[in-house]
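The figures that follow rest on heavy atoms only: side chains count, while hydrogens, waters and symmetry mates do not. Counting starts at 1 for both ligands and their atoms, in listed order.
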Amino acid sequence: MAKDAILLVEDDQGIADFLKTAIGRDPRYTLQHAGSLREAQEQILQRRKSHAGPFRVVLLDLGLPDGDGMDVIPWIRAGLPETVIMVLSARHQEEGKIRAFQSGADDYLTKPFTPGELVARMEAHLRRLQVQPQEINPSVGGWSLLDENRLLRTGEGREVALTMKEYQIIRMLLLNMGKAVSHQKLLTAVWGPTHADQTHYLRIYIQRLREKLEEDPNHPRHIITEPGIGYRLILD
Ligand code: CA
């Protein structure tokens with residue numbers, strides 16, 4: 001079986017060596033290391049040219065010698081729509097996390113973390129990418145999901161482009177149309193069991209979905225908050 005290629009973008013040599021050892025000895029993965037944004041971009045472009053297949057995972061530090069990792073997330077996301085982007089940062093601020101997710105990151109690990117936690121999260125993301133295409137998509141109340149391009153067609157016939165996570169959330173809500181879906185159920189389905197208590201992830205994504213789907217995102221008619229429980233999708 002082909003190994004999953006991982007790109008680690010990290011200028012702290014100590015952390016880089018530590019992760020190279022921890023992940024590098026796992027036979028399922030190969031790890032490449034970039035010490036700056038410029039190196040990371042070069043390695044991503046080189047890999048594209050070599051036809052070796054895209055990186056499956058990019059582990060991205062934010063404080064890098066030639067800039068902020070945050071600024072390169074949209075570029076990575078645009079070129080590698082199926083790649084798992086995980087931010088590794090010492091920054092704790094909620095605001096930074098929100099920005100990372102809004103830019104297209106899939107996950108955010110605050111340093112210090114253990115290699116076990118990193119690998120477990122990475123695996124959960126990769127598993128989800130693998131099972132998704134075979135699943136049957138719901139078509140409910142005139143809304144349907146179009147698999148190939150991750151588009152949602154609404155009842156009015158509008159087509160909305162979704163990111164992978166947005167797509168997975170809407171899919172869960174559509175499958176349970178009209179019923180409240182708990183935070184835990186959504187988080188487990190989309191991010192994996194290690195994220196079952198990260199309700200702030202959901203808040204960010206639900207807000208983005210509302211901005212894309214609702215006429216007035218501040219007074220949603222479709223994606224309804226069930227306080228203390230989760231979210232419910234209502235189509236009319
Ligand atoms: Ca750094």
Measuring from the Ca ion (ligand 1), name the closest N, O or S atom belonging to D11.
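Answer by atom name: OD1.
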
The Ca ion (ligand 1) is nearest to which N, O or S atom of D61?
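Per the distance ranking, D61 contributes OD2 as its closest N/O/S atom to the Ca ion (ligand 1).
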
T163 to K212 - nearest heavy-atom pair and separation:
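Heavy-atom minimum between the residues: N-NZ, 4.2 Å.
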
Angle between ring planes, F101 versus Y205, binned at 30° and 60°: parallel, tilted or perpendicular?
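Answer is perpendicular, since the angle exceeds 60°.
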
Test item: R158 side-chain N/O and R153 main-chain N/O as donor-acceptor pair under 3.5 Å
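No, because the side chain of R158 does not come within donor-acceptor range (under 3.5 Å) of the backbone of R153.
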
Without swapping roles, check the side chain of T83 against the backbone of F55 for a donor-acceptor pair under 3.5 Å.
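Checked: pair present.
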
N/O/S from G63 sitting under 3.0 Å away from the Ca ion (ligand 1)
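Under 3.0 Å: G63 contacts the Ca ion (ligand 1) through an N, O or S atom.
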
